[in-house]
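Notes follow once the structure below has been shown.
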Amino acid sequence: MEEQRFQRFVVKSREAYKYSWCFSTAIVCEENGIYKQNSQYDKVFRENMRFTLPGILEKVLKLNIVASAELKDKIQITKQKEVDALRVVTDASGETYVLHIEFESGNPDKMNFRMAEYRAMLHQIYDHPVKQYVLYLGKSKSRISNKISLPKFRFEYDLISFSDLPYELFLTSASPEEQILTVLADFGDADPDKVIQEVLEKICRDDHGKLIKNKYFEQLRVIIQLRNLETHLNKAMLTVNSFFKKERDVLFKWGLEQGIEQGAEKRSKEMARKLKDKNLLLVDEIAELTGLSAEEIEAL
């Protein structure tokens with residue numbers, strides 16, 4: 001019975017979307033009428049959405065979803081609005097509703113009014129309950145307003161900051177796409193180098209081929225910029241030195257990009273000098289990584 005009701009809801013919602021499409025003008029709008037430009041962070045989250053969304057619903061939003069169907073992520077009435085995630089879901093209590101999620105790395109002005117506009121458009125199209133969340137990815141405290149309090153106009157949505165979530169929430173996941181999100185969470189008293197090292201090791205232990213591993217690593221390099229942890233990533237990469245042994249390994253290739261070229265003494269000395277100047281590793285560790293002697297490194 002519940003399954004049939006859910007399917008009727010999905011069909012009706014999609015029909016409503018088609019109806020709105022036929023009587024609309026295809027104008028993609030954002031603030032000030034500018035076309036939305038997906039940032040590098042948006043690209044990563046969109047690529048991984050179908051893998052990360054179930055974990056986010058359960059662990060971050062605390063929703064016990066038992067059924068879910070994707071809706072169009074472009075809302076169109078007299079203008080079109082692009083959203084990050086839009087689903088029709090049914091939770092464990094039997095409640096079915098439209099779930100709308102936005103990811104924000106910055107602090108856009110009047111996000112509250114933007115979400116209110118989304119909300120009004122969703123109700124016009126789907127005529128069903130709507131729940132909205134903004135997931136803030138920034139490092140600093142969010143300055144996003146999540147409510148509107150004006151005469152005869154009240155509106156509110158849920159705002160959650162990733163930096164308030166414990167990193168273990170994502171690190172313990174079996175999904176590499178979720179594991180990458182570890183670097184956005186709260187490390188607490190944990191050593192950032194060790195946490196990032198754990199993420200790298202999990203990615204490298206994954207059974208996927210080198211192309212998929214390389215994709216995960218590149219996504220990690222992008223996401224970690226939101227926390228200014230690039231130096232910690234570099235150090236963790238060098239600590240996980242067992243993965244540099246084979247030339248085909250994704251981390252070995254990263255090493256080559258940083259100047260570690262196999263059999264080239266000049267490159268080894270350049271890398272050793274950089275590591276020494278930045279105090280990233282001990283002399284013995286640099287010697288083990290580059291193949292140079294401690295005396296050669298001390299002389300640099």
Between Glu104 and Ile144, the two heavy atoms sitting closest are CB-CD1, 4.1 Å
For the residue pair Ser163 and Lys141, establish whether any side-chain heavy-atom pair is separated by less than 4.5 Å. no
side-chain contact (heavy atoms from CB on, under 4.5 Å) between Phe162 and Phe170, worked out: CA-CA 11 Å; Phe162 261 68; Phe170 306 106; 3.5 Å; yes
Quick one: list whatever passes side chain to side chain donor-acceptor pair (under 3.5 Å) with Asn146, sequence neighbours left out. none
When you compare the side chain of Leu159 with that of Ser142, does any pair of heavy atoms fall below 4.5 Å? yes
With a 4.5 Å limit on heavy-atom distance, are the side chains of Val222 and Phe217 in contact? no
Within the 3.5 Å criterion, strictly below it, is a donor on Gln132 or Asp158 matched to an acceptor on the partner's side chain? no
Ser93: partners by side chain to side chain donor-acceptor pair (under 3.5 Å), with sequence neighbours left out: Asp91
Salt bridge (charged side-chain N to carboxylate O under 4.0 Å, His left out) for Arg119 and Glu156? Distances and angles first, verdict last. CA-CA 10 Å; Arg119 180 70 167 269; Glu156 188 172 355; over 6 Å; no
Taking Val66 as the starting point, is it possible to reach Val60 by hopping between hydrophobic residues whose side chains are less than 4.5 Å apart? no
Find out if a path of hydrophobic residues (ILVMFWY) with successive side-chain heavy-atom gaps under 4.5 Å connects Phe113 to Met115. yes
Spell out, yes or no, whether Val44 and Phe51 are grouped together once hydrophobic residues are joined by side-chain heavy atoms under 4.5 Å, including indirect joins. no
Measure across Arg227 and Gly138 and return the closest heavy-atom pair with its distance rounded to 0.1 Å. NH1-C, 3.2 Å
Val83/His100 under side-chain contact (heavy atoms from CB on, under 4.5 Å): CA gap, chis, key distance, verdict: CA-CA 8 Å; Val83 299; His100 169 213; 3.6 Å; yes
Between Val134 and Met111, the two heavy atoms sitting closest are CG2-CE, 3.7 Å
Got a second to check how far Leu171's CG is from Ile180's CD1, nearest 0.5 Å? 12.0 Å
SG (Cys204) and CD (Gln197) are apart, to the nearest 0.5 Å, by 10.5 Å
Using side-chain heavy atoms (C-beta onward) and a distance below 4.5 Å, is Leu220 in contact with Leu233? yes
Point-to-point distance, once rounded to the nearest 0.5 Å, from CZ of Phe103 to CZ of Phe45: 5.5 Å
Tell me, with the steps shown, if Ile101 and Leu61 meet side-chain contact (heavy atoms from CB on, under 4.5 Å). CA-CA 10 Å; Ile101 301 174; Leu61 306 187; 3.8 Å; yes
Which residues pass the salt bridge (charged side-chain N to carboxylate O under 4.0 Å, His left out) test with Glu198, sequence neighbours left out? none
I'd like to know if the side chain of Thr182 pairs up with that of Gln179 as donor and acceptor (distance under 3.5 Å, no hydrogens or angles considered). no
Matching residue for Leu184 among Leu137, Leu135, Ile224 - test: side chain to side chain contact (heavy atoms under 4.5 Å, CB included): Leu137
Should the pair Arg273-Glu296 be classified as a salt bridge under the 4.0 Å nitrogen-to-oxygen rule? no
Do the side chains of Ser175 and Thr52 get nearer than 4.5 Å, heavy atoms only? no
Can you check salt bridge (charged side-chain N to carboxylate O under 4.0 Å, His left out) on Glu95 and Lys131, steps first, answer last? CA-CA 11 Å; Glu95 183 183 5; Lys131 291 188 179 182; 3.7 Å; yes
Where at least one partner belongs to residues 169-191, residue pairs that pass salt bridge (Lys or Arg N to Asp or Glu O under 4.0 Å), sequence neighbours excluded: Lys59-Glu178
For Asp193, what residues pass the salt bridge (charged side-chain N to carboxylate O under 4.0 Å, His left out) criterion, not counting sequence neighbours? Lys235
Going from OG on Ser145 to CG on Asp109, what distance comes out if it is rounded to the nearest 0.5 angstrom? 10.5 Å
Expected output: side-chain Arg114 to main-chain Lys110 donor-acceptor under 3.5 Å: no
Within the structure provided, determine whether Leu57 and Leu99 are in side-chain contact (heavy-atom separation under 4.5 Å). yes
Please round to the nearest 0.5 Å and tell me the distance separating atom CG of Asn112 and atom CG of Leu150. 8.5 Å
Minimum heavy-atom distance between Val195 and Ala190, given as atom pair plus value: CG2-CB, 3.7 Å
Go through the steps for Gln219 and Asn48 under the test side-chain hydrogen bond (donor to acceptor under 3.5 Å, both in side chains), then give the verdict. CA-CA 10 Å; Gln219 290 179 344; Asn48 293 345; 2.8 Å; yes
Under the side-chain contact (heavy atoms from CB on, under 4.5 Å) rule, what do Lys139 and Leu226 come out as? Steps first, then yes or no, please. CA-CA 7 Å; Lys139 181 180 181 181; Leu226 287 168; over 6 Å; no
Pairwise ring pair (Phe, Tyr, Trp, His ring centres under 6.0 Å) hits with a residue in residues 133-158, at least two apart: none
Would you check if Thr96 and His128 make a side-chain contact, meaning some heavy-atom pair closer than 4.5 Å? no
Output for pair (Ile196 CD1, Leu200 CG), nearest 0.5 Å, gives 7.5 Å
Check against side-chain hydrogen bond (donor to acceptor under 3.5 Å, both in side chains), Glu230 and His232: CA-CA 5 Å; Glu230 294 92 328; His232 293 280; over 6 Å; no
Just so I know, are the side chains of Val89 and Leu63 near enough to count as touching, which here means a heavy-atom distance under 4.5 Å? no
